[in-house]
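Below, read A as the first sequence line, B as the second, and so on, with proteins coming before strands; counting in each chain starts at 1.
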Amino acid sequence: MRLSTLFTQTYREAPAEAELISHQLAMRAGLIRPLAAGIFSYLPLGFRVKQKIEQILREEMLAIDCAEIVMPVVHPSDIWEASGRWSDVGAEMLRLKDRAGRDMCLAMTHEEVMADLARHFIHSYRQLPTSVFQIQTKFRDEPRSRGGLIRVREFTMKDAYSFSADQDGLDKIYGDMFKAYLMVFNRAGLGDDIRVVESDTGMMGGSGAHEFMFLNDAGEDTLIECGGCGYKANRQVATHQREKVEADAPEAIEEVATPDTTTIEDVCRLLDVSADRTAKAIFHIARIEDEDRFVFSVLRGDHELNETKLTNAIKATEMRPSTEEEIRAIGSEPGYGSAVGVKADVLIVVDTAIAEGTNFVAGANKDGFHLKNVNSGRDFTPDLATDLVAVDAGMPCSHCGTSLTTTRGIEVGNIFKLGSKYTDAVGASVLDENGKAVPLVMGSYGIGVDRLLACIIESNHDENGIVWPVAVAPFSVHIVVLAGKQPKGELEAAEKLKCELEASGVDVLIDDREERAGVKFNDADLIGCPVRITVGSRGLENGTVEVKRRAAEEKEDVAVDDVVKHVGSTLGN
RNA sequence: CGGGGCGUGGCUCAGCCCGGUAGAGCGCCUGCUUCGGGAGCAGGAGGCCGAAGGUUCAAAUCCUUUCGCCCCGACCA
């Protein structure tokens with residue numbers, strides 16, 4: 001391609017709203033252009049990178065016998081109603097009506113369509129296990145898109161789906177996908193920055209999941225890691241080792257005056273107790289089985305609530321913090337809440353530490369008073385006792401006791417063991433070797449292409465611009481032509497070189513613009529192709545051109561006749 | 001959905017508090033000079049100041065409403 005007529009432009013400055021390096025560079029290099037919040041056009045350079053990423057994805061999927069298909073972006077509501085997600089998923093799904101008034105939606109994922117396809121095309125265990133993938137647009141109406149390409153509303157996803165007759169078949173493909181994903185991230189140049197963690201299954205449902213996290217301080221997810229045994233999990237599901245509780249004999253409950261003492265910190269100071277001897281209350285309104293319930297969670301004062309764990313424990317589809325009015329309505333008091341004596345229809349969920357411990361300081365459900373020696377089971381009856389703790393740095397690992405650490409990460413891929421939720425919903429089953437119908441066991445595996453592109457920039461740039469890994473660079477070679485007002489064949493020499501390189505299978509961007517050298521060099525650095533070749537009169541007089549790798553400082557004069565060979569070996573390294 | 005910020009030419013921004021009919025740099029076009037790391041000079045194109053309404057002789061500027069965008073939080077693959 002010729003830069004002079006390429007449909008793009010570079011910018012000296014990034015738009016003010018771009019905060020992440022990847023966003024700034026993608027804008028400055030002219031890879032993308034926003035149309036609306038979280039909705040982008042890909043310009044030629046950006047699109048080429050996207051295509052190269054997609055090609056890697058294709059190759060790695062095909063390598064594990066996963067065939068490519070394409071499913072629709074607009075779906076009728078009925079398949080989503082069958083799986084229950086038409087109502088389970090909220091405003092994140094963009095819904096619309098067709099001219100006949102039928103409910104439709106834009107695809108946020110494709111489990112429903114996939115299960116429907118499986119119903120039609122998979123009939124026998126002999127066809128299993130099998131899998132297919134697609135590279136397709138998804139739309140999720142995020143309440144808040146941000147970070148350039150990191151979190152968008154319209155995006156491209158490589159999503160794969162597997163089917164098997166039993167758990168063993170699922171485990172095999174799940175393992176294949178796991179390995180294929182690591183291959184993808186390695187080839188994309190992110191190998192060292194990827195961590196695989198255990199994760200929540202979220203709206204997908206299912207029995208197990210892993211996320212592939214790109215380590216980055218701007219990440220939206222918190223990863224919990226153990227340096228001792230290698231345990232890694234998303235904070236949403238991470239567990240920690242509970243210390244042994246020495247169960248004191250329950251003592252008599254006692255009310256104490258604690259005016260203006262609404263925080264755990266204040267209570268501890270006033271009553272001279274440590275935070276782990278207190279019980280705190282957290283209030284939510286949760287939608288459970290299509291009913292709004294008041295959920296009263298109780299945790300030890302030194303612990304934070306993990307909302308994902310709570311949501312999963314009570315099987316809520318939606319949850320929000322309650323208002324002060326709602327708290328008073330159940331007989332409690334903001335800042336002085338405890339489960340002692342709250343209304344009967346309140347769902348009381350306590351953390352294990354509260355259920356097993358004794359004699360906690362808790363609120364008295366009235367302004368200015370707390371209770372001493374509160375005991376779960378004696379003073380109130382929990383509906384559920386489970387792990388609700390948000391694991392933090394410094395807590396002991398649940399497997400080996402080593403102090404855990406936290407890291408921030410961006411989720412670039414995920415793999416889910418879905419089970420038969422979606423296949424059951426559409427009646428997709430197969431006959432096993434005994435002629436008996438068994439449900440299809442499904443898995444789903446996603447990689448966000450745009451997000452992957454952004455992460456590649458995040459980990460491959462310097463102060464001058466992007467430094468693309470060869471595998472995903474928009475072009476392998478960027479030829480800078482330096483011709484003055486009295487050209488001496490520089491452009492012709494460069495064009496000839498371009499043809500020769502292209503003939504050898506190397507893609508070339510040629511900067512044939514009438515710009516000064518500085519402008520061209522700076523744009524070349526910004527765009528970040530792996531190899532830069534400068535063709536100017538200075539070298540041509542000696543029959544050479546200058547070759548420089550984007551990732552290195554050194555420049556090399558190479559005889560024109562040797563350039564193709566030289567570039568070939570450079571790119572091969 | 002809560003909190004905060006911002007909408008002035010393609011990009012970065014000034015002007016707004018204290019109303020008087022729009023500016024700078026970069027980019028773009030033309031010419032001359034320059035020519036291996038974001039050149040200089042001269043000339044030029046381009047903006048109903050996000051939109052609507054109001055106040056006023058007069059609104060980018062003040063008031064109201066609205067739309068859009070960004071950031072933090074809530075939420076979420």
From CZ of R153(A) over to C1' of C76(B), roughly how many Å is that when rounded to an integer? 14 Å

F212(A)-F178(A) aromatic ring centre distance below 6.0 Å: yes

Hey, is the side chain of R513(A) pairing donor to acceptor with the base of G27(B) inside 3.5 Å? no

For R516(A) and G38(B), is the shortest distance between a side-chain N/O and OP1 or OP2 below 4.0 Å? no

Per-nucleotide protein contact string for nucleotides 9-14 of chain B, where B marks a base within reach and S marks sugar-phosphate only (heavy atoms under 4.0 Å, - for neither): -SSSS-

Taking only the side-chain heavy atoms of E19(A) (C-beta and beyond), determine which of C28(B), G36(B), C71(B) contains the nearest atom. C71(B)

What about F283(A) and F296(A), are their ring centers closer than 6.0 Å? yes

Within a 6.0 Å radius of atom CD on E265(A), are there more than 12 heavy atoms belonging to other residues, nucleotides or ligands? no

Considering only nitrogen or oxygen atoms on both sides, find all protein atoms under 3.5 Å from nucleotides 43-47 of chain B and state each distance.
none

Is atom CD of E81(A) surrounded by more than 12 heavy atoms (other residues, nucleotides or ligands) closer than 6.0 Å? yes

Would you indicate, yes or no, if C1(B) has its OP1 or OP2 atom less than 4.0 angstrom from a side-chain nitrogen or oxygen of R320(A)? no

With sequence neighbours excluded, residues passing side chain to side chain donor-acceptor pair (under 3.5 Å) with T544(A): none

Winner on side-chain proximity to A37(A), out of C70(B), G38(B), G36(B), is C70(B)

Quick one: does any side-chain atom of K417(A) pair with a main-chain N or O of D171(A) as donor and acceptor, under 3.5 Å? no

Taking G37(B), A39(B), C76(B) as options, the one with an atom nearest any side-chain atom of R151(A) is C76(B)

Flag yes if more than 12 heavy atoms outside D217(A) fall under 6.0 Å of its CG atom; otherwise flag no. no

Considering only A39(B), G38(B), C69(B), which nucleotide approaches the side chain of A36(A) most closely? C69(B)

Whole-angstrom distance between U61(B) and G20(B), as gauged at atom C1': 11 Å

Within the distance-only criterion (no hydrogens, no angle test), does the side chain of K309(A) pair as donor or acceptor with the backbone N or O of A390(A) below 3.5 angstrom? no

Heavy atoms only, 4.0 Å cut-off, all strands: where does S199(A) land among base, sugar-phosphate and nothing? nothing

Atom-pair distance (CZ on F521(A); P on A39(B)), nearest Å: 13 Å

Rounded to whole angstrom, note down the P distance from C29(B) over to G46(B). 15 Å

Could you work out the separation of A22(B) and G3(B) based on their P atoms and round it to a whole Å? 38 Å

Among the candidates G38(B), C28(B), G36(B), find the nucleotide nearest to the side-chain atoms of R12(A). G38(B)

